[in-house]
Protein chains: 2
Amino acid sequence: MGTASKALSLLNYFSRAQSQIGLSDLARLSGMNKATVYRLMGELADHGFVEQVGAGREYRLGPAFLRLAALREKAVPMRELALAELTKLSELTGETSHMSLLNGEVLSNLAYSYAHKHGTMVMMEDAEVLELHSTGSGLAVLAFSPAPFVDAVLNKPLVVRTPETVTDPEAIRALLPKIREHGMARSVGGYEQDVYSHAVPIFDAGSNCIGAIAVAAPVSRMTDELRSTIQTELALAARRTTRVLGGFPPDSFPKINPTDSPVESELT
Amino acid sequence: MGTASKALSLLNYFSRAQSQIGLSDLARLSGMNKATVYRLMGELADHGFVEQVGAGREYRLGPAFLRLAALREKAVPMRELALAELTKLSELTGETSHMSLLNGEVLSNLAYSYAHKHGTMVMMEDAEVLELHSTGSGLAVLAFSPAPFVDAVLNKPLVVRTPETVTDPEAIRALLPKIREHGMARSVGGYEQDVYSHAVPIFDAGSNCIGAIAVAAPVSRMTDELRSTIQTELALAARRTTRVLGGFPPDSFPKINPTDSPVESELT
DNA sequence: ACCGATGGTTCGAATATTGAACCGATGCAA
DNA sequence: TTGCATCGGTTCAATATTCGAACCATCGGT
């Protein structure tokens with residue numbers, strides 16, 4: 001691994017849960033020598049990628065990301081475009097919709113939209129991390145990812161989120177062909193209890209799966225009619241999103257056909 | 001310079017104007033060897049900090065910044081807090097307000113707010129670059145920055161933006177004591193013609209100047225009354241912003257005194 | 001066919017990185 | 001107070017990584 005990669009990988013230890021990390025902790029987490037971490041963090045700090053805070057001299061992510069994110073968004077308005085699609089999708093379905101991008105072996109949330117139709121909503125946050133095995137979006141991504149990647153993900157210990165979380169690699173693997181066939185994944189309560197989620201993968205210009213767009217509704221509100229609406233609108237929105245981001249679904253991806261019956265319940 | 005710094009510095013060549021850069025261009029711009037740039041960009045790409053696009057294999061900033069910016073904003077909601085202050089400030093003044101952060105030897109815009117009171121407004125964009133010598137915000141920052149930094153900035157060639165741009169280092173230096181005295185800078189048409197701009201510096205927890213907050217109005221709309229309103233509200237808003245971001249003005253920074261007369265015109 | 005440009009690759013020489021040990025400061029328990 | 005364990009930070013010789021000139025293959029224009 002190159003030095004630059006080591007420096008960059010240090011940034012991955014910052015999360016919503018742990019936004020400040022001390023030198024020794026960071027050395028422990030990364031397995032690198034304290035002196036190495038010290039030097040690398042110093043370089044990151046010089047460029048504003050991290051900053052040291054207060055007395056404990058702990059590190060946290062720096063302001064440079066705001067600038068670079070704005071530049072990225074100016075060059076490739078992914079978030080803006082996704083948000084436009086999500087807003088429509090939430091209006092049409094009356095439920096929370098969100099888009100997340102594959103980052104390593106997890107998804108991180110890029111954007112979301114609430115419908116303000118009901119008193120209760122599935123909540124969502126930017127940069128929230130979604131696991132591949134326990135979420136609808138994750139399953140959608142797994143189903144359209146290369147086999148070695150799927151193996152790598154499923155061979156690691158799979159965290160139990162709720163009593164409904166499926167953690168048997170083979171059971172998960174068995175879901176994928178159907179998801180591929182329908183172009184849509186579903187997860188009921190696997191990540192958060194009482195959340196019924198549909199998800200469709202999003203592809204880049206090389207037809208690689210880069211993330212997913214999903215609609216999440218409370219289980220208690222799910223009816224055949226809502227399910228049908230979600231499945232129809234989600235498939236359309238995802239297709240538009242892929243196209244508007246400059247991507248193409250792979251040839252194997254099922255075409256949308258208005259006469260198709262909605263995805264059957266055996267998807268779960 | 002360490003390897004990590006070299007990799008990170010490559011990111012600085014991406015701008016609003018040049019969002020995609022080829023390998024050879026990047027090597028030229030950075031003065032590094034092509035092989036070096038190739039390897040470093042590969043590492044950056046592995047982490048999603050850049051991505052290669054289409055046929056030309058040019059590089060552009062990657063999606064990782066969206067994630068990290070969201071994390072940063074979650075940990076330190078600078079942008080959100082600044083935006084709240086700017087919104088108030090624009091409402092009170094009826095003009096465009098914005099906040100920018102010092103990044104190296106330039107300012108980059110963090111957030112802005114329009115007032116929707118008039119048909120014409122000074123326009124602003126996120127991540128827009130403001131030079132230190134030609135903008136009100138820049139002068140405010142220079143006035144409260146360490147002398148060696150000021151020297152470094154003013155010893156470089158100073159770009160002429162408009163016929164009103166002051167490019168004589170000594171003339172600029174001569175403005176700084178008054179700005180320090182008033183805690184406020186002013187620039188008329190120095191960056192964009194017909195823009196009349198007031199700016200106040202923002203400080204971090206160590207009383208270092210980290211940026212500025214500014215109100216920009218069309219020259220044609222500037223009256224004594226508007227000037228007075230802007231100066232009063234801007235000073236208050238900047239003070240609140242510094243505090244809300246966890247910072248402190250240096251002891252030398254002038255206190256706000258309601259009985260003070262507004263900044264006199266000799267500031268220009 | 002040529003030219004000059006591009007992105008990408010190679011390999012010995014040059015140099016930056018590494019990590020154990022060390023430092024002073026701080027905080028906690030006895 | 002003493003002692004111990006932690007912290008952030010520093011040193012320096014050993015070494016592993018990076019560097020860069022030169023080299024490809026490819027492309028587009030003349």
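Source: prediction; values computed, not measured. Residue numbers start from 1 in every chain, and the chains themselves are labelled A, B, ... in the order their sequence lines are given, proteins ahead of strands.
Note on A/K6: every side-chain N or O is 4.0 Å or more away from OP1 and OP2 of D/dT17. Taking only side-chain nitrogens and oxygens, A/R57 never comes nearer than 4.0 Å to OP1 or OP2 of D/dT6. Residue B/K34 has no polar side-chain atom (N or O) positioned under 4.0 Å from OP1 or OP2 of D/dA21. At D/dT18, none of the side-chain N or O atoms of B/T36 fall inside 4.0 Å of OP1 or OP2 (strictly under the cut-off).
Ion pairing between a basic and an acidic side chain is recognised when a charged N comes within 4.0 Å of a carboxylate O; A/D25 and A/K34 show no such pairing. Electrostatic pairing of A/E128 and B/R67 does not count as a salt bridge here, judged by no charged N lying under 4.0 Å from a carboxylate O.
The side-chain contact (heavy atoms from CB on, under 4.5 Å) test with B/H98 is passed by exactly one of B/L89, B/L130, B/L110: B/L130.
At whole-Å resolution of the value, CE in B/M41 and C1' in C/dT9 are 18 Å apart. The separation between A/L23 atom CG and C/dG24 atom P is 18 Å, rounded to whole Å. For B/M32 and C/dT15, the CE to C1' distance is 15 Å, given to the nearest whole Å. One interatomic measurement links the two molecules: CG of A/L40 to P of C/dA16, which rounds to 15 Å at whole-angstrom precision. Distance, B/R39 CZ to C/dG7 P: 17 Å, rounded to whole Å. Between the P atom of C/dA5 and the CG atom of B/D25 lies a distance of 12 Å, rounded to the nearest Å. Separating the CG atom of B/L44 from the P atom of D/dT18 is a distance of 13 Å, rounded to the nearest angstrom. The CD-C1' distance, from B/E43 to D/dC19, rounds to 13 Å in whole Å.
D/dC24 and C/dG7 make up a base pair, with Watson-Crick or G-U wobble contacts both under 3.5 Å.
Separation of atoms CG (A/D46) and CE (A/M41) is listed at 11.5 Å; rounding is to 0.5 Å.
Among the nucleotides D/dT18, C/dT18, C/dA20, the one closest to any side-chain atom of B/T3 is D/dT18. Listed nucleotides D/dT18, C/dT18, C/dG8 differ in distance to B/Y59; the shortest reach to its side chain belongs to C/dG8. With distances taken from any side-chain atom of A/A35 to the nucleotides D/dG20, C/dA20, C/dT17, the minimum falls on C/dA20.
Both A/Y38 and A/G2 sit near DNA chain D, but only A/Y38 has its closest nucleotide nearer the 5' end. Place A/N33 and A/A4 on DNA chain D by their nearest nucleotides, and A/N33 ends up nearer the 5' end.
For the residue pair B/S5 / A/E43, a side-chain donor-acceptor distance below 3.5 Å is found, with atom types taken as modelled.
Residue-level contact check: B/Q52 touches the backbone only, with heavy atoms under 4.0 Å from sugar-phosphate atoms and none from bases.
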